[in-house]
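Heavy-atom basis, side chains included; hydrogens, waters and symmetry copies ignored. For reference, positions follow the sequence shown, starting with 1.
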Amino acid sequence: MAELTPMMKQYMETKSQYQDCILFYRLGDFYEMFFEDALTASRELEITLTGKDCGLEERAPMCGVPFHAAETYINRLIEKGYKVAICEQVEDPKTTKGIVKREVVRIVTPGTNLDTQALDETKNNYIMCIVYIADRYGVSVADISTGDYFVTEIPDSAKLLDEIYRFSPSEIICNEAFYMSGVDMDGMKDRLGITIYSLESWYFDDEVCRKKLLEHFEVSSFAGLGLADYDCGIISAGALLQYLLETQKNSLSNLTHITPYAAGKFMMIDSSTRRNLELCETLREKQKRGSLLWVLDKTKTAMGARTLRKYVEQPLIDKTEIIRRLDAVQEL
């Protein structure tokens, strides 16, 4: 009976842990993909599909990309809504006898992509977590490239959609209850280009979420984070933190604080109004040039550009906050 080669056994063991990802498996100067991943990648990336002897009667479908050009290919897969797990050699092949040890060092998703060539530095790349529990929505939003991390709670689906349009995240993760709640997922995917993943139920375990947040921010209670009254929001923020820790494989030391906010603090602008007002892009060409932001944007830095975009997309309605901002502008 045919049996997999040692290298393919190692590949299959790794792949079994990351079944929802396309596995970029490092072999020398290339990242190789096998079986279903190879068929998908060769089709989406338009690269040659070959085969490799794997110990079975039939050769394993295989395709690969040079490691020095991998980011380009990864970005193309991410744009199409795929997740990519990057598996590196963690031992020196020259000093290792037998199979070189390999580990997945990072998972790249639309909301966790850090490649500066793929991102527009003048806008945030947000990932949003939505939890639907007992007719309430817990919402948390993060940008791991800037360290922004927000949390709120929303009472109804209409206001939730306004919140999604306001942040325009590139990725939404959610619990199954939200996925089955009847919200127009296809519309969000088509109109806003958002990739949506439903996560397993253990991500949203109340105790696990609370423990993760307290450990990460090194506090003993949620009063210190300003989250004492955000039961649903805590589950959302904790699930998002757990997801980011798993995909980034590091301590996320740049997420130093979490900001609770009230959704009613900003003017709610629905999607059709945003399009017709041409706040950040024109109606026909979907370009920044010709939009309100294009007229106003004289910023010199990426941070300034992101801040101005936020001001345009999220107008304040609280008089005290408006006056404070105007005073700051006048002072400058």
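Without hydrogens or angle criteria, Asn124 side chain to Tyr126 main chain gives no donor-acceptor distance under 3.5 Å. In this structure a side-chain-to-backbone donor-acceptor pair under 3.5 Å is missing from Ser42 to Thr48. Judged by distance alone, with hydrogens and angles left aside, the side-chain atoms of Glu32 form no donor-acceptor pair with the main-chain N or O of Leu27 at under 3.5 Å. Judged by distance alone, the side chain of Glu278 and the main-chain N or O of Leu283 form a donor-acceptor pair under 3.5 Å. With hydrogens and angles disregarded, no donor-acceptor distance shorter than 3.5 Å links the side chain of Thr50 to the backbone of Cys63. Not one N or O on the side chain of His257 forms a donor-acceptor pair closer than 3.5 Å with the backbone of Gly147. Side chain of Ser236 to backbone of Cys129: a donor-acceptor contact under 3.5 angstrom is found. In this structure, the side chain of Arg26 does not engage the main chain of Glu88 through any donor-acceptor pair within 3.5 Å. One N or O on the side chain of Asn175 and one on the backbone of Tyr132 form a donor-acceptor pair closer than 3.5 Å. A donor-acceptor pair is defined here as one N or O able to donate and one able to accept, closer than 3.5 Å; such a pair exists between the side chain of Thr247 and the backbone of Tyr243.
For Phe67 and Tyr31, the gap between ring centers reaches or exceeds 6.0 Å.
Remark: Lys212 NZ is loosely packed, at most 12 non-hydrogen atoms of other residues, nucleotides or ligands lying under 6.0 Å away. Summarising the local packing, NZ of Lys249 is surrounded by more than 12 heavy atoms from other residues, nucleotides or ligands at distances under 6.0 Å. Atom NZ of Lys298 has more than 12 heavy atoms from other residues, nucleotides or ligands within 6.0 Å. The local environment of CD in Glu321 is crowded, with over 12 non-hydrogen atoms from other residues, nucleotides or ligands closer than 6.0 Å. Surrounding CD of Glu218 are at most 12 heavy atoms belonging to other residues, nucleotides or ligands under 6.0 Å away.
Arg76 places a side-chain heavy atom less than 4.5 Å from the side chain of Leu45.
Leu245 and Met128 fall into different hydrophobic clusters, where Ile, Leu, Val, Met, Phe, Trp and Tyr are joined by side-chain heavy atoms under 4.5 Å apart, directly or via other members. Linking ILVMFWY residues whenever their side-chain heavy atoms come closer than 4.5 Å, directly or via other members, places Tyr149 and Ile235 in the same cluster. Side-chain heavy atoms closer than 4.5 Å link hydrophobic residues (I, L, V, M, F, W, Y) into clusters, and following such links, even through other members, never connects Leu114 to Tyr73. Hydrophobic clustering (ILVMFWY, side-chain heavy atoms < 4.5 Å, transitive): Val131 and Ile154 are in distinct clusters.
Counting only N and O atoms by type, the side chains of Asn75 and Asn113 include a donor and acceptor under 3.5 Å apart. Side chains of Thr109 and Glu171: a donor on one and an acceptor on the other come within 3.5 Å. Counting only N and O atoms by type, the side chains of Tyr203 and Glu246 include a donor and acceptor under 3.5 Å apart. In this structure, a donor-acceptor pair under 3.5 Å is absent between the side chains of Arg106 and Gln248. Arg166 and Gln314 share a side-chain donor-acceptor pair at under 3.5 Å. Under 3.5 Å, the side chains of Tyr165 and Glu313 contain no donor-acceptor pair of N or O atoms.
Using the six-membered ring where Trp is involved, Phe178 and Tyr137 have ring planes that are perpendicular, over 60° apart on the 30 and 60° scheme. Between Phe167 and Phe150, the angle of the ring planes lies from 30° to 60°, which puts this pair in the tilted group.
Arg136 has no carboxylate O lying under 4.0 Å from a charged side-chain N of Asp156, or vice versa, which leaves the two without a salt bridge. Ion pairing between Glu281 and Lys288 fails under the 4.0 Å rule for side-chain N and carboxylate O. Using a 4.0 Å cut-off between a side-chain N of Lys or Arg and a carboxylate O of Asp or Glu, Asp148 and Lys310 qualify as a salt bridge. With respect to the salt-bridge test (charged N to carboxylate O, under 4.0 angstrom), the residues Arg306 and Asp143 do not qualify. Look at Arg210 and Asp231 and you find a salt bridge, because one of the NZ, NE, NH1 or NH2 atoms lies within 4.0 Å of a carboxylate O, short of that distance.
The CG atom of Leu213 lies 9.5 Å from the CG atom of Leu240; values are rounded to the nearest 0.5 Å.
Smallest separation of non-hydrogen atoms from Leu39 and Leu49: CD2-CD2, 3.5 Å.
With a 6.0 Å cutoff to the six-membered ring centre and a 45° limit on the axis angle, Lys83 does not count as a cation-pi contact of Tyr18.
Sequence neighbours left out, not one pair with a member in residues 220-230 passes side-chain hydrogen bond (donor to acceptor under 3.5 Å, both in side chains).
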